[in-house]
Every structure is written in C-alpha cells, then in structure tokens.
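The structure appears below as structure tokens.
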Amino acid sequence: MSWAIAAIVVAMFVHTLFSTTTRFGQNGTQPRFEWHLIFQYLFNRVFVFGAFITIILTAAAMIVGVALGIGLASMRLSKFGVFRVSAALYVWFFRGTPVWTQLVFWGNLAYLYPTISVGFPFMHSFESWSMNSFETNFFLVAIIALGLNEGAYMAEIVRGGILVVDHGQVEAASSLGMGRALAFRRIILPQAMRSIIPPTGNETISMLKTTALVAPVLGAVSILGIKTGDLNEAALNIYSSNYHTIPVLMVAALWYLFLTSILSVAQYFIERHYGRGFVTTSHKRVRRSLRATIQEVPR
Amino acid sequence: MSAPHLVEARQVHKHFGRLEVLKGINLTVERGEVTCLLGPSGSGKSTFLRCINHLEKIDGGELLVDGQHVGYQRKGNKLYELSDARISRHRAEIGMVFQRFNLFPHLTVLENITLAPTKVLNQGSSVVVARALALLDRVGLADKAGSYPSQLSGGQQQRVAIARALCMEPKLLLFDEPTSALDPELVGDVLDVMKSLANDGMTMIVVTHEIGFAREVADTAYFMDHGVIVESGKPQDVLVNPRTDRLREFLGQVL
Ligand SMILES: Nc1ncnc2c1ncn2[C@@H]1O[C@H](COP(=O)(O)OP(=O)(O)OP(=O)(O)O)[C@@H](O)[C@H]1O
Ligand SMILES: [Mg+2]
C-alpha cells in the first residue's frame, strides 16, 4: 500500500518538475520560466545583499522576540497581579493589531514624537533627545517593530511550553530550596524548551518572509553604495526595471528555500539538544507506540 | 541552643476551599527518630507532610521544625509568611522524597544530585560531586552517574531521589509513599536504603502503606483518618494490638 502511494507521489513530483522545463504534448522546451535568467540572477549582488538583510532582520527580530517572550511569559505566571495584567495587555495589543500597522507606527515615531524626554509625567523633564537619528535608522526601527510584535506571539508559545511541564518538577525544585527564579531557569524552562522549539521554528521561518514588509514602509537602505532592501525588495527592484517578473521571483523563492533549509537543520539540532533525557522525543518511538495502540483495538 | 523536639505540630489545621483536610494535628518527632504515618486514602497524610516543608500553607495551629516556624515568622500573636528567599532557606534544610520520584528528566543522575547543593547552598562543585558519588555508591547506583532518569527503573529512580535529598545534608527527611509507584520486586531495594538511613540516625517522617517496614523501623507510628490522628504510639503496640475499630479495619485491608 505505502509503495503505491509513494509511486504516485514521485510521479506527480517528477511531472511538475518537467512541466517547468518541458511542455508536455509539444516538442521543445517550456520557454516561459526562462531558466537561463534564473541562473543569471541567482548570485546577483542585489540578491546577495538582500539575503544578508533578510538574515540580519530575522535573526535580530527573533532574538528580541524570544527574550521578550520569555520575560512576558514569566510575568504571566508571576504572583504579582500587576505583572500578569500588563503582560496580558501587551499580548492582547501586539497580537491584535496588524504587524504592518505597527511597522508604519514605528516608522513614523519621529514624526509623532520629534523629541523624547525623561521626567515626571506632565511636569519637569530631566533629559530629552531628538528623534532624527531614529527616523533614519532602517535596522533599528525594523528590529524594534518586528521584535516587539514577535514578542507577543513568543510569549504565548513560551507560556504554553511552561504549562506542559509536570507540576511535580516545581515541587521537587522547591523542596530542594530552589527559589522561583532558579527553578524557572534551571528546571522549568529547559523542559519547556522541548515544546517551545517547534513553534519557534515556525515563527522564525514566518519572520523570514515578514521582513518583506519592512522595505515598503521604511524605504530602501544603502549598502556599499547600492540601494537595496531585503530579498523581496531586491526582487522587486530588479523586475520592476526589466519585467523578468517570474524568473526573478523564482530566484527570490530559491533564496528563501535555501535559508529555510538551513533553519530546519538548525532546528533539528536544537530539538535534539533539549530532547536529551526524554525518550518520547524520538519520532520512531512515537510511531512504534502508535502502532501498538492501533493493534490493541479489537477488530 | 536547639529546640526540644525536631518537629512539633500543634493543632495544625488545613482546608481546601470548604473541605477540611487537617482538623488539628498534634505530633512531635525527636532527633534521630523514624516516624511512620499510616491511614486510608484521602485521610490527609500527604497534605500534612507537605505542610511540614511549606509546600502547603497551614490555616491554623503551629508547625515548628527545630524550633522555627517553617515559612512563617511570629510577630506578637500572629504568624506572617516569609519572603520566597527565606522560605527556600527553610526548605533547603528539609529533604523530601515523592511517590512519583520527580527527578529532573533533562539532567543526568549526577546533575540531579549536585544542582541544588551547588546553586542553593553555594558549595564548591568538587566537594559536592565527591559527596554525590559517595551517596550514589551508598544507594547502590555508583555506575549510573551519567545516565538520564528515563534510562533507570522506578526503584533506581527512587534511590537517586533519596540521594538527591541527602546531598543537601538535611536535618529531616520526608517520604510520601516512596514505594507505592514501584513494581513489587523493586520495593525491597528502596526500603533497604531507608532502613540503613534509619540506622545511621537520620530523622525521617514516612507516609507509607508498608506495615512491615513501619513495624520494623519506626520509633513511633501515627494512624490518621479524616484529618485527625486516631492512634499513636510504639508500632509494636499500635500496629499489633489496635485499640480502635478504624485502625483494626485499616490493618485488615492493607495486610
Ligand atoms: N490541592 C488540593 N486541592 C483540593 N483538595 C485537595 C488538594 N490536595 C488534596 N486535596 C484533598 O485533601 C484530602 C486529603 O488528601 P491527601 O492527599 O492529603 O490524602 P492522603 O492521605 O495522602 O491520601 P493517599 O493515600 O491517597 O495519598 C483529599 O480529600 C484530597 O482530595
Ligand atoms: Mg498521599
């Protein structure tokens, strides 16, 4: 049975692959994908810079997001009501409004607040800064906007992971004299990681593509005298001048696929790290116990 | 100056919502004594044990370990709960062994044992590791230091849990049905470790259904039912010649 399904899947895959190069029913090649252009653009400088910017933005936004998520999740579980409520409000707001809107807001922060000052509300202020440099800082604005948004999603992922950890673990840690912070860091979080990593992998891959929203809001950025943006912006810049839309977008897609593949490999190793000591992490084992359960069902 | 009794409970009350689980428990434990708590399911044994190291708060009465209120401070006539840090310091002096072991699955056996002494007591890691390995040897698991809990049998896991508690050098060890989750053939090893601890003068409070163990090892046995202590005394008396019908009935069920 599984062989037949495999054969059909392989056939469909090969057919699709051929359809991009050869047109069935006709002799000759499929000209509209323009594969020669794809190879020509693949390592174009604009794309290489674009990939670089996409990687930087994704990595930085995820670092901010994960750190914020862990902080917010521990606030949600705090014994102080103020912390619980503020963390819940944060998640409610940043998850409930579009990331695009948030980007536009941060992009216009310098317009909304030309100076930022520190002091007592409605009274004396000690120090104030001009926001001019913030307005022009593409990376800073993008990382703040994407990171703060991601923090809200990560908070829920981390909270979910923590709830899965057996309560007996907290009790054992407490009975050994560990305080809340130590128990959280050394006992709860490492075990929660097992269920936090897979959705975080999803978030990272999704962030890879969300970075495409940055350039349309904040404009392009100059690196080594070349005006560029993230991968998507790079594609847009190229095809809007020469109309090679499909091949250029295919190049961007290949780059995204490449980056995603690297992330998947990284995820595999991180999962293996946090899965140590747990037998149920192994997919083989899960399959075996599923099979055993199914066989127990009377026919 | 040390307190007259290591553990002293006076009229300890505890309720969960409207359910009154402990209805005035009085109990004293002397240094070096083994105390067994027996009783039917739901009688409040675990709850009482958990009150001793403040995993549960008490609603009335007093509970002192070595002359100190665990988790509380007395001001005038009232008890005030201490800060987390100070509660933790009290708990670090009281070891606890759980029915379901509660080893840390992401840490090796050795890491399970050494984490708290190094991070809570701030002892140097070479001293702690040496002590941990000696304890592992003592519970018969010298070769398992690098294993993960999931690679051990239940009986082995429980012996690691005992070593983990001992490595904190506690003045009191609490056991909550340490052998109830074990296959019958693994119970003996764990009980043997507990007996050897008793012989070495460790003060222990043991909730158990192992009447044989209680009779052989305990200095004092308490029989609890519905949140009160029904009978107490030397196990040779209490468990051999029960005075109440409730204890007689209970012994008939477990033996
Ligand atoms: N956290 C809790 N919330 C509400 N009720 C609880 C809680 N913990 C225990 N109880 C109730 O308190 C009563 C005493 O429970 P406890 O666990 O102390 O009994 P036990 O003597 O240890 O029983 P067993 O032999 O089954 O372990 C039970 O009726 C139980 O349902
Ligand atoms: Mg119990």
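Note that the structure is predicted; figures quoted are calculated from it, not measured. In what follows, every chain begins at residue 1, and chains take the letters A, B, ... in the order their sequences are listed. For the numbers below, each heavy atom of this structure counts, side chains included, while hydrogens, waters and symmetry mates do not.
- Ranking B:E93, B:Q151, B:K119 against chain A, the residue ahead of the rest is B:K119, based on heavy-atom pairs under 4.5 Å.
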Next item on the list: Could you walk me through whether B:D176 and B:S46 pass side chain to side chain donor-acceptor pair (under 3.5 Å), step by step?
Entry: CA-CA 6 Å; B:D176 192 358; B:S46 299; 2.9 Å; yes

Margin query: Go through it in stages, so that I can follow the logic: the residues are B:H54 and B:E81, the test is side chain to side chain donor-acceptor pair (under 3.5 Å), and I'd like the CA-CA distance, side-chain angles, deciding distance and then a yes or no.
Written below: CA-CA 10 Å; B:H54 201 67; B:E81 194 167 20; 2.8 Å; yes

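- The CD1 atom of B:I52 lies 13.0 Å from the OG atom of A:S175; values are rounded to the nearest 0.5 Å.
- With a 4.5 Å cut-off on non-hydrogen atoms, B:R164 touches chain A through its backbone and its side chain both.
- There is no contact between B:P149 and chain A, counting heavy-atom distances below 4.5 Å.
- At a 4.5 Å heavy-atom cutoff, the contact between B:L55 and chain A is made by side-chain atoms alone.
- Of the two parts of A:R180, only the side chain, counted from C-beta on, holds a non-hydrogen atom closer than 4.5 Å to a non-hydrogen atom of chain B.
- Of the listed residues (A:A173, A:G179, A:S174), the one with the most heavy-atom contacts under 4.5 Å to chain B is A:S174.
- The candidate with the highest count of non-hydrogen atom pairs below 4.5 Å against chain A, out of B:I87, B:V120, B:L174, is B:V120.
- Ion pair B:D84/A:K79 flagged as a salt bridge, since at least one NZ, NE, NH1 or NH2 atom sits closer than 4.0 Å to an Asp/Glu carboxylate oxygen.
- Taking the six-membered ring for Trp and thresholds of 30 and 60 degrees, A:F80 and A:F83 have ring planes more than 60 degrees apart, a perpendicular arrangement.
- Under the 3.5 Å distance criterion, the side-chain polar atoms of B:Q158 are left unmatched by any main-chain donor or acceptor of B:G155.
- If you measure heavy-atom distances from A:L182 to chain B, the contacts under 4.5 Å come from the side chain alone.
- Under 4.0 Å is where a charged nitrogen must lie from a carboxylate oxygen, and between B:D200 and B:R138 at least one such pair does.
- Residue B:F98 touches chain A through its side chain alone, counting heavy-atom pairs closer than 4.5 Å.
- If you measure heavy-atom distances from B:L103 to chain A, the contacts under 4.5 Å come from the backbone alone.
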